[in-house]
Amino acid sequence: MAATKKAAAETDEKVSGKVEKKTSGKAATKAAGKTAVADAHAESRQRERLDLKAVALKWQARWQKDAIFRTEDPLTSKKKTYYCLEMFPYPSGYLHMGHVRNYSLGDVYARFKRMNGFNVLYPMGYDSFGLPAENAAIKHRKDPHEWTERNIHGIKTQQQLMGLSYDWSRKLATSHPDYYKWNQWFFLKLLEKGLAYKRKGAVNWCPDCNTVLANEQVVDGKCWRHPETEVESRDLEQWYFKITQYADELLADTEKLTGWPERVRTMQRNWIGRSEGTIITFKVKSSDLTLETFTTRPDTAFGITYTVIAAEHPAIERLLEGLPKQKREEVRKFIKETKKRSVIDRTAEGKEKNGVFLGRWAINPLTGEEFPLWVADYALAEYGTGMVMAVPAHDQRDFEFAKKYGLPIKVVISPDAYTLNPEKMARAYAEDGVLVNSGEFDGTKNQEAMDLITAKLEKMGAGRKAVNYKLRDWLVSRQRYWGTPIPVVYCGKCGTVPVPEKDLPVKLPEGADFQAGGNPLTTVKGFVDVQCPRCGKPARRETDTMDTFVDSSWYFLRYCDPHDAKQPFDKEAAGKFMPVDQYIGGIEHAVLHLLYARFFTKALRDLGLVDVDEPFTRLLTLGMVTKDGAKMSKSLGNVVDPGAIIDKYGPDTARLFILFAALPEKELEWSDQGVEASYRFLCKVAGLLDDVDATSGQTKHDAYVRSKLHTAIKRATDEFDSFRFSVAIQHLMELANTLASYKEQRPNRALYYEAVDALLLLLSPVAPHLSEELWERRGHEGYASVAAWPTHDDKLIDEKAEAAYQAVESLKADIRTVLALAKIGQPKRITLFLADGWKYSFAGRMKELLAETSDAKAVIAALMGSPLKQHGQELMKLVPAIMKDRSKLPAILLTKHEEQAQYAAFADDLAKEFGCAVSIEDAEKSAEQKAKQSFPGKPAILVA
RNA sequence: GCGGGGGUAGCGAAGUGGUCAAACGCGACAGACUCAAGAUCUGUUCCCUUAGUGGGUUCGAGGGUUCGAAUCCCUUCCCCCGCACCA
């Protein structure tokens, strides 16, 4: 911090009042040798450059000194609040372009909202627990605390250098005890509510992380942190959060998230994976065991010819009881081999399905038929009941399996057009049809049979309607050190005992042995060995820590009240800010963080801690930053270091380029020329403040410039508001270009500077430092960054003035009128013969007509949505009215058009209206000739 | 297979019924300045024509609706992303 201030002070002097170009030292280089000349040229180029980095440092220091970006207390501020938030970073120690993009976007919006009178909450913090710190600890034998703090400092320094307008007083870091204490507190609350629980089961294990993973953290069977590492399956006792309890609400509320990208909503829906169906209960023959299966196709239940259960199904051992030893071993061998195979191997599409007969039979409650039970690798223990009823005639997977093992195929749904022959079927018939071989349901349409059969099963006590989800409970425990300790103690007598609230936080101990392998926390004796909070006897502390996604599931609430020592956050303060109005981050969190945070918000709501159902109203997912068509990555060597760009061009240039190059959601291709162009634009804006030869009188361009100014304000404001910054910047460029040429034409002084000032403010969110600098040079008090946003006046937007700017007004107006006329008759061409021998020709295009007066627009309005034929007559009357005040035309020539018989009547109208000659000709050439002959030296109009 | 998003001038990228041959930027070309290069400024940049506020053909392809389509509808091709042996 101090270092930044000092640097700013040093540069302050360098900068002040010297933003404009300096002349090159050409003369000095003349006598020098070749290399020296080149050097000198390079140097002079350098000296010509605007030093935008120095400008930035100067203003960053001032902003900080005056704390102008401090959020007002929401309980006393009269302003409306606006909560703008970027996904907080993991402090890996350096900023990459993706960060720069993310923060630039958020900062522009925060600044825009602030200038528009909102009390903006725009905070920054660090998601500072996690494996990289621990790995660094192992590698460098350093404490993860130290590594993390150093990185936070590093990344914060870079963020400040970008000029981001965070309220730094709200900074938080999840690895600080005053933060993670509340993770523990929430854990206890969820435990009380039954929303946190511990159970044993098959879990994903990453051998690289040496810890378990949540389902969401397994991508294509690999660890999300280690894309090379296949996840293993292990049977372990772990802590879970009961996110499935909210599955329905999480799914239903995706409908409310209209401010989210469609694909994120879809991804969440897919992930939750709700499907409606029926659970059917089967009795196992010669046993008192029953088995349940979930199906979405109860209509095919009469066609069951076998079932398969997953290798991990808990009932298998009991099913094997009493079977011949040989059979038992055969099945166990199959199960063992299946479990050994990797997740990928087992779940890849198109894999051949394998199975083994279990030696048992079950009974179809609907038919009384017996069918064999199989164990198969295509049944997933994690989905449904872990058992699939197989109807090979109507399910492709079952069909393939049945064919492979010679199991029977029974058709129960018949297509309308033909009959299925089970012997000859090449594939399953999965479409709709009518039930056959289904007892009392024969002849029923299968869609209708679904409910009927479910009802029958229900009546028999052999089934029920059910909803099934793909979503699993969130596995939150991790066998790692650098995370929030789970606040639980295991006592031989009392069992699992929560740590009392008064003993929170359970702090991460120092002195863990990171070289030992396994969870370093287990090596800290004083941490593990505790007294039972309940009975006082020696007990063992839980050494698992929480998934870092717990940290990020509520940090947006902590920002609302970041220093509260008594509670995670003040409900009233949170109520003022929440939900987050605009959230910005990467698409990679489409299900992970965004789903967890939604769950957490709902759970906290049910704990009475917040009043909102959803945490994020609008979500913006960033596109990637690429270079040479590929994502920037170290391995490809196409990484552009933001620090280097900022050093060379200043933060404003970096921000401008990255905002201008693409719309936020789109991929952004890095371009060095684009950066140069952005820099040039900023220089151009600075140049507007150079000396101007202005007048106090009016100029002929004033109306045009004023109109341009107000158009730019209007459009840019709209575009900023709707997060289309690149388009907003285009409008600023247009305005700057207009002003640059206006400046050369002895502009009206007041108007010129009015426009320049507005431009500076409009530019301020994008290039805040330069705007401040120029704002100051213009002699304004106060900061541009917090000045009021410019407003436009529709009355001053004069498109005609804008259009007339480059034309000879009177002639043009007449020509346009003619065009309007011409349009009515749908001619191909209109030619205007002028008295001086000039001839103008036009295509009859509606755009020209629209360029006409507001009356012409009324004509179009009347025309819209209706066939011309019907309105032709009406239009014939309207158009002359428009022309009423036009200069008298001596003659109008019309050429005949097959489909335009109404020309004759029209011609008469025109003749009366304008008191001029109108003649209708067959062909263009003859018309032209006739015009010259009949009206020598006079203007005429030819409509062809 | 299911679901989502796209295909616009040499490139990036706006434009979702009418001032659209299509903003803005890059690149390219020409001119000014310069001994020259760079930087800067001006103009041009789909094709033809040009004295032009001219003509022609465009917005993946084909068809349709409309007075009018890059924009709406249908068909089709291609690309990207997510999920996927989910019973």
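The analysis underlying the following values was restricted to heavy atoms, covering all of them including side chains, and did not include hydrogens, waters or symmetry mates. So you know, we letter chains A, B, ... as the sequences are listed, proteins then strands, and number each from 1.
Around the NZ atom of Lys470(A), the shell of radius 6.0 Å holds more than 12 heavy atoms that belong to other residues, nucleotides or ligands. More than 12 heavy atoms of other residues, nucleotides or ligands shown are found within 6.0 angstrom of CZ on Arg274(A). The number of heavy atoms from other shown groups lying within 6.0 Å of CD (Glu431(A)) is above 12.
Look at the C1' atom in both rA14(B) and rU8(B): the space between them is 10 Å, to the nearest Å. One P atom belongs to rA37(B), the other to rA30(B), and the distance between them is 12 Å to the nearest Å. Taking the C1' atom of each, rC35(B) and rA22(B) are spaced 43 Å apart, rounded to whole Å. One C1' atom belongs to rG18(B), the other to rG27(B), and the distance between them is 33 Å to the nearest Å. Between the P atoms of rU44(B) and rC24(B), the separation comes to 12 Å (whole Å). For rG64(B) and rA9(B), the C1' atoms lie 27 Å apart once the distance is rounded to whole Å. Comparing rA32(B) with rG38(B), their C1' atoms are spaced 16 Å from each other, to the whole Å. Comparing rC20(B) with rU53(B), their C1' atoms are spaced 16 Å from each other, to the whole Å.
Contacts of Glu734(A) with the nucleic acid, taken as non-hydrogen atoms under 4.0 Å apart, involve only primed sugar atoms and P, OP1 or OP2. Residue Asn354(A) is classed as having no contact, given no heavy-atom separation below 4.0 Å to the nucleic acid. Among the protein residues, Arg265(A) comes within range of no part of the nucleic acid, since none of its heavy atoms lies under 4.0 Å from any strand.
For Arg427(A) and rG1(B), the CZ to C1' distance is 11 Å, given to the nearest whole Å. If you measure from atom CD of Glu676(A) to atom C1' of rG27(B), you get 14 Å, rounded to the nearest angstrom. Rounding to whole angstrom units, CZ of residue Phe401(A) and P of rC86(B) are separated by 15 Å. Across the protein-nucleic acid pair, Leu668(A) atom CG and rC26(B) atom C1' stand 13 Å apart, rounded to whole Å. Rounded to whole angstrom, the span from the CG atom of Leu251(A) across to the P atom of rC86(B) amounts to 19 Å. Rounded to whole Å, the distance from CZ on Arg269(A) to C1' on rC86(B) is 18 Å. One can place CG of Asp672(A) at 14 Å from C1' of rG27(B), the figure rounded to the nearest angstrom. In this entry the distance linking CG of Leu291(A) with C1' of rA87(B) reads 15 Å, nearest Å.
The residues Glu665(A) and Arg724(A) are annotated as not salt-bridged, no charged nitrogen and carboxylate oxygen being separated by less than 4.0 angstrom. Here Glu734(A) pairs with Lys708(A) in a salt bridge; the nearest charged N to carboxylate O distance falls below 4.0 Å. For Glu400(A) and Arg397(A), the salt-bridge test fails: no basic side-chain N is under 4.0 Å from an acidic carboxylate O.
Toward the 5' end of RNA chain B, the nearer of the two residues Glu262(A) and Met387(A), judged by each one's closest nucleotide, is Glu262(A). Both Ala740(A) and Tyr469(A) lie close to RNA chain B; mapped to their nearest nucleotides by heavy-atom distance, the more 5′-ward contact belongs to Ala740(A).
Shown here, rA69(B) forms no base pair; nothing in the strands shown gives a Watson-Crick or G-U wobble contact with both key distances under 3.5 Å. Of all nucleotides present, only rC81(B) satisfies the Watson-Crick or G-U wobble test against rG3(B), with each distance under 3.5 Å. Pair assignment for rC20(B) gives none, since no Watson-Crick or G-U wobble pairing has each distance under 3.5 Å. Using Watson-Crick or G-U wobble geometry with both donor-acceptor distances under 3.5 Å, rU50(B) finds no partner in any strand shown. When both pairing distances are held under 3.5 Å, rA37(B) makes no Watson-Crick or G-U pair with any nucleotide shown. Pair check for rG10(B) finds rC26(B); Watson-Crick or G-U wobble, both atom distances under 3.5 Å.
Relative ring orientation between His593(A) and His589(A) is described as perpendicular, the plane-to-plane angle rising above 60° on a 0-90° scale split at 30° and 60°. Ring orientation note: the planes of Phe725(A) and Phe720(A) are tilted relative to one another, at an angle of 30° to 60°.
Between Tyr378(A) and Asn354(A), every side-chain heavy-atom pair lies at or beyond the 4.5 Å cut-off. Side-chain contact between Gln268(A) and Trp260(A) is present, with heavy atoms from C-beta onward closer than 4.5 Å.
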Verify ring-ring contact (aromatic ring centres under 6.0 Å, His included) between Tyr306(A) and Phe401(A), making sure each step is shown before the conclusion.
CA-CA 10 Å; Tyr306(A) 68 99; Phe401(A) 193 80; 5.6 Å; yes

Can you check nucleotides 7-16 of chain B for protein contacts, nitrogen or oxygen pairs under 3.5 Å, and list what you find?
{"unit_1": "rA14(B)", "atom_1": "OP2", "unit_2": "Lys666(A)", "atom_2": "NZ", "d": "3.4"}
{"unit_1": "rA14(B)", "atom_1": "O3'", "unit_2": "Arg724(A)", "atom_2": "NH2", "d": "3.2"}
{"unit_1": "rG15(B)", "atom_1": "OP1", "unit_2": "Arg724(A)", "atom_2": "NH1", "d": "2.4"}
{"unit_1": "rG15(B)", "atom_1": "OP1", "unit_2": "Arg724(A)", "atom_2": "NH2", "d": "2.5"}

Contact list (N/O, under 3.5 angstrom) for nucleotides 81-83 of chain B vs protein:
{"unit_1": "rC83(B)", "atom_1": "O2'", "unit_2": "Lys470(A)", "atom_2": "NZ", "d": "3.3"}

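For Tyr383(A), the listed nucleotide lying nearest its side chain is rC86(B); candidates were rC24(B), rC86(B), rC85(B).
Between the side chains of Glu669(A) and Thr626(A), at least one donor N or O sits under 3.5 Å from an acceptor N or O.
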